[in-house]
Amino acid sequence: MYSVLIVIRWGIFLSSRENSEEHKEKKSGLLEKAADFYDKKYKLLMIIPLIITLLAIGVISYNVIYHGEPIKRDVTLKGGVTITISGYSNISSESIQSFLTSKFPGKDIGVLTISDAGIIKARVVESSDFNEQNAHELILALSEKLPELNKDKYTVETIGASLGNSFFKETGIALLVAFLFMAVVVFLYFRVTVPCLAVIFSAFSDIVCTAAVTVLLGISVGTAGIAAFLMLVGYSVDTDILLTNRVLKKKKGTVLDATFSAMRTGITMSVAALAAVVASFFLTHSLVLKQIMLILMIGLLFDILNTWLTNAGILRLYYEKLAQKSHHKKEEDD
Amino acid sequence: MSKLKRIFGKWQLILLIIILLASIVAISPNPWAKGAVIKSVLKNSTAETAGIKSPGAQTQPMQLEIIKEISNQPINSLDDYYASVTSLRPNSSVTVKTNKGLYKVAVQTDISGSPDLGLRVISAPKSNLREGLDLQGGTRVLLQPERKLSDEEMDILISNMKERLNVFGLSDVVIRSAGDLSGNQYVLIEIAGVNEEEVKELISKQGKFEAKISNSTVFSGGSDIRQVCRTAECSGIDTRTGCSQISDGSWMCRFSFAITLSPEAAQRQADLTANLSVISKNGQEYLEKPLDLYLDDQAVDSLQIGKELKGKAVTDIAISGSGVGATEQEAQYDTLQNMKRLQTILVTGSLPVKMNIVKTDNISPVLGSEFIKSTIIMLIVAILAVALVLIIHYRKIGLAIPVLVTMVSEVIILLGIASLIRWNIDIVAIAGIIVAVGTGVDDQIIITDEALMKESQGTTYNWKQRIQNAFFIIMACYFSLMVAMAPLYFAGAGLLRGFALTTMIGVSIGVFITRPVYAAIVEIIVREDD
């Protein structure tokens, strides 16, 4: 509740600041400079997300070569045991983890914490080195460390290794199929090659960069995470379709003007989505939802870069090439 | 003021209000509901005999039978119910008054010997929204048959498993076949409110029961067994041997229950025992070979055959077995559970194929209810955060309010549809709601900005074309998201199906219902300012 009040007060402060005349003038000065830079240096700006995407592909390829998989998988995609325990806020997760690793040497056991405003709400103990048959050993060990642990206080989920692996394959295929379908829809709607390719590349880049960040941050991705990537396909395409539509359908004015008008709408969309996602990330107690929100957050941020720097740049180049072609044609006809 | 009048006059808004009201009726929320309601009636229980009907799976939560009184004592909560039942005396009878009738129910005992009416009772639900397993707690098991089954075999398998669980006493069970993109077959079982340990053995064991003398089968589970006694007169803790402590301090008890063999099986027994000689053991005379009981090819017990059975086609036989525990009470409970399982398997027969457990979820109800609380807070704050962004962007509360209203409407309509199609809401379904609403907000922003664009910004469209353009963008985004979600419906044994479905229904509600309404409202608000 406290955090809600702070957010509301800050928002009111922001809007009133925005409305003061002096501030408006200062802002338009800064904005003009930024707009100018964006206009003059658009080719350079376009390359930045491209480089980031290449780096991301590099990170993922490295992961495939050295670890055999593009992203770090969690128990739901590898097989293993997940135990979610509520309460016990006075016992630290580190002590639980060290207790378990000393009890089961050689087994990889992780303990994640879910807290709300500093108070530990729940703990998730996961390990791929346990399965359905010996999960109870893990629970027995936990009941030594956590007093009065009974069946009501925890949730146990087990997945067989072959099922986990087949989930990974399946959801990977689902992601690919979704991406292909989306590409077809975009082509059917706009019917021009280069702009459609730009949209598809932007979506591809969002996914690849987000995946690379999860690898770099050491975040394990589960079935929920893959669902989040699928959501990202949908969300990232929204802003690109908006941009492409405004630029392609404009009746007068420059590509730049159309881009700026699309940007106003598009960035608001991304910020609104980010606001919801960030709020949900911090307030939820469910690890599943946290994973989904984190991936969406990272993806939406990359989307802002990819849409307004690369995609916009490609569209501008496309228009200039088109304009040049028709100019040459005109000269020929004359 | 006239603007507001014009807004409320638009038929799109009236349609939305009608749909909203219908959704609220479908959800039937009642936050003040209290008391105890009947979730299911155990088969062959005294409650069933008294005429209390078990609600079908299609019965809406708010339509469940409410218990008002037990023997003239008012029941106002689940605790009242439990307190009342524990104070009953077995073999007496009580009157149970519900909102549907008055019943005279004999008091029976449950597996641990406590008084029981054969009813599964839960706290009165506060709405028609069904909680998925993640929220109400329970057990989910995903099984894979050892070999590929034809459609018919799968149907037989599922109905056999259902019967097994029903006979065991569980009726709030969801069993369905599931598949994935690679053609693997699975059986998904979800049982609300039950701990995994109780049912794991029951649903994963093929249940091939055989009684053999040496290596010849005398009888096996299924058609050889005509009747299995499950009442207190001929089944329970073996009165002759009872419970005793064994060397390491733990307790062991034996159970025994009577079965009736078919005449053919009885004759088989006569033939196989005719040539056995009689031996003496502990002062009793038995046949030289025992009757060995096997469950799924594992020996579970060995019974001495009394000499009077030699060569006789006896149809009444007692089956026995044992259970263990750290205390006498635990041992008794374990023993009775083992007995119940064996009885169930003998009654329903074995499954057509061996099943492997590939996934188990044993979900605590406590975690679920905590999650609901935190989710409601999360949704409210997310909506407020979005509203804030919109107020800053448009600098006009007048525009932010319709967006808020449409967001909330979408959630209500989505929940209304979920209640109607009896969909279980779980964690991933909630993620789907967030996606749908998030997409909705983005679309609303597109509409608003398109409407607000002035001629100087390079569009010379009239109003209609502007809105059409906005909808063009929205439909393109809509189809992209729909096709992105479609593969998820079929992949991964259907475990993410709830997410795919909620997202798809949610965005469809947005595009076809709330967006047109919003466009109509925006037209009034913005057009006047032009």
Side-chain angles (χ1 to χ4, degrees), chain A residues 4 7 11 14-15 84 86 132 151-160 163 166-167 170-171 173-174 177-178 181-182 185-186 189 223-224 227 230-231 233-234 237-238 241-242 245 249-253 257-258 261 264-265 268-269 271-273 275-276 279-280 283-286 288-289 292, chain B residues 180-182 184 195 357-367 370-371 374-375 377-378 381-382 384-386 388-393 395 427-428 431 434-435 438-439 441-442 445-446 449 453 457-460 469 472-473 476-477 479-481 483-488 491-492 495-496 499:
Chain A
V4 173
V7 167
L14 261 186
S15 352
T84 310
S86 72
E132 200 259 319
K151 290 208 167 87
D152 275 346
K153 290 192 187 158
Y154 61 84
T155 285
V156 184
E157 292 163 280
T158 68
I159 299 198
L163 187 72
S166 90
F167 273 177
E170 300 260 307
T171 41
I173 295 175
V177 170
F181 277 176
M182 177 272 295
V185 168
V186 168
Y189 256 85
T223 43
L230 277 160
M231 284 154 74
V233 168
V237 153
D238 276 11
I241 290 180
L242 170 75
N245 177 276
K249 301 269 160 103
K250 65 174 178 57
K251 287 271 197 289
K252 66 179 185 189
D257 292 331
S261 104
R264 252 193 67 116
T265 309
T268 310
M269 279 161 65
V271 170
S280 305
L283 288 173
T284 186
H285 291 172
S286 150
V288 167
L289 284 185
I292 293 178
Chain B
D180 64 14
L181 295 174
S182 330
N184 287 321
N195 190 274
I357 297 182
V358 290
K359 183 181 198 307
T360 61
D361 293 336
N362 203 9
I363 301 164
S364 130
V366 165
L367 286 174
E370 275 178 13
F371 171 74
S374 75
T375 304
I377 298 178
M378 174 189 92
V381 173
L384 285 175
V386 170
L388 207 64
V389 168
L390 295 174
I391 293 177
I392 295 177
H393 177 64
R395 278 150 231 213
I427 295 182
V428 279
I434 297 177
V435 177
T439 313
V441 169
D442 280 355
I445 295 175
I446 292 176
D449 279 17
M453 273 204 306
Q457 285 174 312
T459 55
T460 48
N469 195 33
F472 178 86
I473 303 175
C477 300
F479 282 119
S480 307
L481 194 60
V483 299
M485 288 292 120
L488 215 51
L495 288 169
L496 282 172
F499 171 67

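All chains are named by letter (A, B, ...) in the order of the sequence lines, taking the proteins before the strands, and each is independently numbered beginning at 1. Just so you know, these numbers come straight off a predicted model, no measurement behind them.
- Annotation: maximal heavy-atom pairing with chain A below 4.5 Å, among B/V386, B/I445, B/L481, occurs at B/I445.
- Only the side chain of A/V288 comes within less than 4.5 Å of a heavy atom in chain B; its backbone stays farther off.
- Chosen from A/T223, A/V177, A/V237, A/L289, the residue pairing most often with chain B at heavy-atom distances under 4.5 Å is A/L289.
- Residue contact with chain B, scored on non-hydrogen atoms closer than 4.5 Å, involves the backbone and the side chain of A/I159 alike.
- For chain A, the nearby part of B/V441 is the side chain; its heavy atoms alone come within less than 4.5 Å.
- Proximity to chain B (any heavy atom under 4.5 Å) is shown, for A/A227, by both the backbone and the side chain.
- For the pair B/V381 and A/A279, the tightest heavy-atom approach, listed with the atom from each and the gap, is CG1-CB, 3.9 Å.
- Taking the six-membered ring where the residue is Trp, A/Y189 and B/F472 present perpendicular rings, their angle passing 60° and hence far from 30°.
- Comparing A/A273, A/A174, A/A224 by how many heavy-atom pairs each has under 4.5 Å with chain B, the most go to A/A174.
- Heavy atoms closer than 4.5 Å to chain B are found in both the backbone and the side chain of A/L242.
- Residue contact with chain B, scored on non-hydrogen atoms closer than 4.5 Å, involves the side chain of A/N245 exclusively.
- For A/T155 (side chain) and B/S364 (main-chain N/O), a donor-acceptor pair under 3.5 Å exists by modelled atom type.
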